[in-house]
Protein chains: 2
Amino acid sequence: MPTARGRIDKRQAILDAAITVFARRGYDQACVQEIADEAGVAKPTVYNHLTDKATLFREAMTAATGAAVARHLATLDRLAVPGDDLRTVLEEVALDLLRCHCDERSRAVRRLLHAETARFPDLLSLVRGPSGHRVTEALADRLARLALAGRLRGADPSLAAEQLIALLTGPADLRWPVSSPPDDDLATIAHAAVDTFLRAFAADPPVSQERAIHT
Amino acid sequence: MPTARGRIDKRQAILDAAITVFARRGYDQACVQEIADEAGVAKPTVYNHLTDKATLFREAMTAATGAAVARHLATLDRLAVPGDDLRTVLEEVALDLLRCHCDERSRAVRRLLHAETARFPDLLSLVRGPSGHRVTEALADRLARLALAGRLRGADPSLAAEQLIALLTGPADLRWPVSSPPDDDLATIAHAAVDTFLRAFAADPPVSQERAIHT
DNA sequence: ACAGATTTGAACTCATGGGTTCAACTTAAC
DNA sequence: GTTAAGTTGAACCCATGAGTTCAAATCTGT
């Protein structure tokens with residue numbers, strides 16, 4: 001009997017290959033044979049671990065989104081203890097969030113999710129529902145702490161979080177709808193997003209870009 | 001011989017039906033027979049007017065995006081002569097832009113465009129390229145005029161336009177990834193977006209939401 | 001009414017790919 | 001070595017749907 005560890009490895013390899021191939025071809029064009037090849041495995045093995053093409057898709061997508069969310073949350077943790085230079089740490093975190101967002105795998109998963117909502121309505125719970133807006137809400141938590149500490153205006157933290165994320169991802173998706181932009185451009189976008197965000201949400205004696213008014 | 005007008009009508013009916021069915025099923029799942037039925041036409045007629053399923057898709061998508069862009073541009077024209085209450089007219093225009101963006105047909109076209117970029121890379125010219133960023137650039141033009149008239153800060157108009165659009169569409173897409181939100185929520189989002197936008201881009205003696213600081 | 005172009009419905013060909021079957025084979029535990 | 005679970009490759013069945021063919025029906029300008 002093959003060891004349990006070996007089974008898990010095969011299953012994981014299949015799920016990874018599935019995401020890769022689905023990303024490359026889309027759901028319909030991806031054929032199970034190609035996924036099996038990509039995983040270095042025979043076709044019946046795929047059906048042995050994951051009964052359907054449909055459940056294969058579902059499992060692969062949930063795993064991939066889980067990983068992506070985890071990466072975002074890890075990045076957000078750096079906002080827990082912002083030093084004294086809020087703008088700088090915000091820019092760093094924003095840039096990293098944007099890197100996650102523009103990562104090739106992330107783009108592919110979002111595209112698939114977006115494309116196949118008609119056929120897999122249950123997958124919408126990955127982006128909506130309880131575990132859905134996790135990233136936005138985690139950011140909102142951080143922003144709320146910052147507001148309470150007097151470092152941001154007292155505004156609805158959920159709204160602020162949504163808008164900051166929009167300022168980051170909107171321009172990026174608009175200018176580079178397909179492939180990932182060079183890191184320089186990401187930095188430019190992140191810088192501009194944080195600048196606009198701070199102009200709108202900085203603490204009430206407004207501290208604008210260059211000059212700080214009475215610390 | 002059927003009149004030339006009749007031919008055009010049939011072709012148009014086919015293109016409309018194509019968008020409808022592609023939106024409903026996605027490219028692969030949509031079968032030509034169903035499109036023919038939806039258009040009230042026989043299958044060979046479809047192949048008579050549009051040689052391929054692929055070219056059918058291409059033609060339908062270009063027509064649909066053209067119409068959508070036109071609607072956006074018409075809405076933007078109302079920014080040409082903003083009365084004295086900039087915030088109000090901005091909110092109105094923003095709400096209408098958002099309505100266009102969230103329109104069912106618009107969503108479907110964006111989804112299809114996004115989903116089939118792998119198979120139809122040439123369709124990317126609809127969203128990028130010369131005729132691509134037309135809406136953003138038209139908005140940038142309006143904002144540039146407003147800045148020159150001293151009613152907005154002197155900032156890069158393209159950036160401002162991108163960010164305003166991001167503030168509008170980002171939250172909307174985040175909260176209602178599939179169907180169109182109720183109009184009340186659109187208004188809330190538009191209001192919040194314009195508020196943040198004006199906080200960041202209002203003319204230099206900053207006039208914030210309620211109170212004007214030393215005119 | 002006539003002619004030329006178009007449309008129609010139905011049947012047809014053909015390629016693709018999901019899913020299954022099965023006998024041979026590998027692997028790890030005992 | 002034996003055993004049992006798991007894997008493999010190849011062949012297979014079958015549904016689906018793109019695209020074509022064609023004779024009959026329909027339309028339109030004159």
Side-chain angles (χ1 to χ4, degrees), chain A residues 1-61 112 115-116 118-123, chain B residues 1-61 112 115-116 118-123:
Chain A
M1 178 209 317
T3 174
R5 180 67 215 172
R7 287 216 60 196
I8 284 184
D9 285 350
K10 282 232 159 104
R11 185 189 161 91
Q12 198 51 51
I14 292 173
L15 289 179
D16 284 352
I19 285 291
T20 303
V21 174
F22 281 133
R24 183 155 63 223
R25 304 249 190 259
Y27 180 77
D28 287 281
Q29 291 287 317
C31 64
V32 178
Q33 181 61 60
E34 185 177 358
I35 295 174
D37 291 349
E38 180 86 20
V41 138
K43 187 161 73 140
T45 307
V46 175
Y47 285 100
N48 185 21
H49 285 260
L50 300 140
T51 47
D52 260 342
K53 189 186 183 183
T55 59
L56 170 56
F57 185 71
R58 261 187 271 265
E59 297 288 315
M61 289 295 281
L112 286 168
E116 306 298 336
R119 202 177 341 213
F120 299 96
D122 52 306
L123 283 186
Chain B
M1 176 207 316
T3 176
R5 181 67 216 173
R7 289 217 59 196
I8 284 184
D9 285 350
K10 282 231 159 104
R11 185 190 160 92
Q12 198 51 51
I14 292 172
L15 290 179
D16 283 352
I19 285 292
T20 303
V21 174
F22 281 134
R24 183 155 63 223
R25 303 249 191 259
Y27 180 78
D28 287 280
Q29 291 287 317
C31 64
V32 177
Q33 182 62 61
E34 186 178 357
I35 294 174
D37 291 349
E38 179 88 20
V41 139
K43 186 161 73 141
T45 307
V46 175
Y47 285 100
N48 185 21
H49 286 261
L50 300 141
T51 48
D52 259 342
K53 189 184 184 182
T55 59
L56 170 57
F57 184 72
R58 259 187 274 265
E59 297 288 314
M61 290 294 281
L112 287 168
E116 305 298 336
R119 201 177 343 213
F120 298 96
D122 52 309
L123 284 186

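By convention in this document, chain letters (A, B, ...) are assigned in the order of the sequence lines, proteins followed by strands, and residues within each chain are numbered from 1.
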Trainee: What is the distance, rounded to the nearest whole Å, between atom CG of B:Asp37 and atom C1' of C:dT7?
Mentor: 15 Å
Trainee: Could you check how far CD of A:Gln33 sits from C1' of D:dT8, rounded to whole Å?
Mentor: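 For the pair A:Gln33 CD and D:dT8 C1', the rounded distance is 11 Å.
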Trainee: Kindly say if B:Asn48 contacts the phosphate of C:dT6, meaning a side-chain N or O under 4.0 Å from OP1 or OP2.
Mentor: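 Answer no for this pair, as no side-chain N or O of B:Asn48 is under 4.0 Å from OP1 or OP2.
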Trainee: Examine the base of D:dG19 for any acceptor or donor lying under 3.5 Å from a partner atom in the side chain of B:Lys43, and report the outcome as yes or no.
Mentor: yes
Trainee: Identify the two heavy atoms, one from A:Ala36 and one from A:Val46, that lie closest to each other, and give their separation to 0.1 Å.
Mentor: CB-CG2, 3.8 Å
Trainee: Check the distance between D:dG19's P and B:Asp52's CG and give it to me in whole angstrom.
Mentor: 5 Å
Trainee: Tell me the interatomic distance from A:His49, atom NE2, to C:dG19, atom P, rounded to whole angstroms.
Mentor: 17 Å
Trainee: Below 4.0 angstrom from OP1 or OP2 of C:dT8, is there any side-chain N or O of B:Thr45?
Mentor: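 So the side chain of B:Thr45 is within the cut-off, an N or O lying under 4.0 Å from OP1 or OP2 of C:dT8.
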Trainee: Measure OH/A:Tyr47 against P/D:dC12 and give the value in whole Å, please.
Mentor: 19 Å
Trainee: Please check this pair: side chain of A:Lys53 against backbone of A:Tyr27, looking for a donor-acceptor N/O pair closer than 3.5 Å.
Mentor: yes
Trainee: Just call it for B:Ala54: base, sugar-phosphate, or nothing, with non-hydrogen atoms closer than 4.0 Å on any strand.
Mentor: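 The answer is nothing, as B:Ala54 stays clear of every strand by at least 4.0 Å.
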Trainee: Quickly work out the A:Ile14 CD1 to D:dG6 C1' distance and round it to whole Å.
Mentor: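 Going from A:Ile14 (CD1) to D:dG6 (C1'), I get 12 Å.
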Trainee: Assuming nearest nucleotide by heavy-atom distance, tell me which of A:Pro44 and A:Gln29 is located more 5' along DNA chain C.
Mentor: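 On the 5' side of the pair lies A:Gln29.
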Trainee: Pick out which of A:Arg24, A:Lys43, A:Arg25 makes a salt bridge (Lys or Arg N to Asp or Glu O under 4.0 Å) with A:Glu38.
Mentor: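 Answer after filtering A:Arg24, A:Lys43, A:Arg25: A:Arg24.
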Trainee: Given atom CD1 of B:Ile35 and atom P of D:dG19, what is their separation to the nearest angstrom?
Mentor: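 In whole Å, D:dG19 P lies 11 Å from B:Ile35 CD1.
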Trainee: For A:Lys53 and C:dG19, give me the distance from atom NZ to atom P, rounded to whole Å.
Mentor: 8 Å
Trainee: When you look at B:Arg119 and A:Asp28, which way does the salt bridge (Lys or Arg N to Asp or Glu O under 4.0 Å) test go after all the steps?
Mentor: CA-CA 12 Å; B:Arg119 201 177 343 213; A:Asp28 287 281; 5.9 Å; no
